[in-house]
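Structure record follows, encoded as structure tokens.
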Amino acid sequence: MLKTEELNLVTEWDKTFPKSESINHKKVTFVNRYGITLAADMYIPKNAEGKLPAIAVCGPFGAVKEQCSGLYAQTMAERGYLTIAFDPSFTGESGGQPRYMASPDINTEDFMAAVDFLTVQENVDAEKIGIIGICGWGGMALNTAVLDTRIKATIVSTMYDMTRVNANGYFDSENSEELRYEKKKAMNALRTEEYIKGEYTRAGGCLPLPVPEDSPFFVKDYSEYYKGRCYHARSLNSNEGWNSLGCQSFMNQPILKYSNEIRSAVLIMHGDKAHSYYFGKEAYEAMVKDSKYTENKELLTISGAVHTDLYDNLDVIPFDKMEGFMKENGVG
């Protein structure tokens, strides 16, 4: 058994959403196969008996478990699931050095380690485990579903494909060999500079409020969430952002290559007014193309919803649908 690092975990309730009176909450830790200790919030329905279906939740990319992944986890716990919302490696309360790095490999392993943890809990039915990935962790969840046959159902919410956006830019506006080369050239110059100095810089989080009026809507949308209503001191997006080179490896890692081989159930849900809608729509199309396993795959387009509506808008997030999908596919 891998040794768990002792983490400095906050004990008081410091979420960006109110605590439910119908659940019990506690902090837990587990270790991934890279030896990094991950911190998670566990939510358990009060008065629950026997072995419960379980769900691991993560995302968005640059958020912490005290923000919308915790909201999703608590809400699904209210519906009878044992859930965990975890901080990825190098972020939040989780371990890993240097800080504020991302890795398509390590972050996929984070999700698989969460499944490891759930399978050995005495009050969890190991045959009824699902995962939920939000925003950039939607892509990670799909990648995990390709690899982990223990997962019975995956829900992907308002997803980003982080490999695509890092390689091609937003809306594929930088999708050329020349532009990728210039981007890599600048990143590697920064690598040399930071190595000489012996310290890493941060890329910067969301723009401070008020956001300039001529900014794109989705930039304002992010800032209003991360800098405004759901600010959190440990959130990268709420503060100084990722390590400046934290996502460099994503440029060369198409994580969704084998998504059409996923045999378990997948629900991709996205708002049609979200700037990111093309990620979810095209990920679904790639997942079902030339696939033998399309009957349990679904794209849910939510009319009128923008990207962050699926972060914290309880009038928009389709929890009834999510619960039904999990139960229909063996998690419930």
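- No donor-acceptor contact under 3.5 angstrom links the side chains of Y225 and N237, judged on distance only.
- S238 and H232 share no donor-acceptor pair across their side chains, judged by distance under 3.5 Å alone.
- Residues satisfying the side chain to side chain donor-acceptor pair (under 3.5 Å) test with T16, not counting sequence neighbours, are none.
- With sequence neighbours excluded, the residues satisfying ring-ring contact (aromatic ring centres under 6.0 Å, His included) with F218 are Y170, H275.
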- [ ] Mind running side-chain hydrogen bond (donor to acceptor under 3.5 Å, both in side chains) on T308 and D221 for me, showing each step along the way?
- [x] CA-CA 7 Å; T308 65; D221 194 32; 2.6 Å; yes
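- Between the side chains of T37 and T29, no donor-acceptor pair is found at a separation under 3.5 Å.
- Contact check on K220 versus E224 returns no salt bridge, with no Lys/Arg side-chain nitrogen under 4.0 Å from an Asp/Glu carboxylate oxygen.
- In this structure, K273 contributes its side chain and H307 its backbone to no donor-acceptor pair below 3.5 Å.
- In the model, N175 has a side-chain atom that pairs as donor or acceptor with a side-chain atom of R180 under 3.5 Å.
- Scanning for side chain to side chain donor-acceptor pair (under 3.5 Å) contacts around K15 gives D41, with sequence neighbours left out.
- The closest side-chain heavy-atom distance from W242 to T91 is below 4.5 Å.
- A donor-acceptor contact under 3.5 angstrom links the side chains of E78 and S20, judged on distance only.
- Evaluation of the side-chain contact (heavy atoms from CB on, under 4.5 Å) rule for D309 yields A305, V306, N313, V316 as partners, not counting sequence neighbours.
- Relative to the six-membered ring of F319, R79 misses at least one condition, a distance below 6.0 Å or an angle of at most 45° to the axis.
- Partners of D125 by side chain to side chain donor-acceptor pair (under 3.5 Å), not counting sequence neighbours: none found.
- For the atom pair OG1 (T108) and CG (L142), the distance works out to 10.5 Å, reported to the nearest 0.5 Å.
- A salt bridge is defined here as a Lys NZ or Arg NE, NH1 or NH2 lying under 4.0 Å from an Asp or Glu carboxylate O, and K281 with D272 fails to meet this definition.
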Pairs under 3.5 angstrom only: tabulate donor-acceptor contacts from the side chains of residues 209-216 to other protein residues two or more places apart or in another chain.
from	atom 1	to	atom 2	distance (Å)
S215	OG	P212	O	3.0

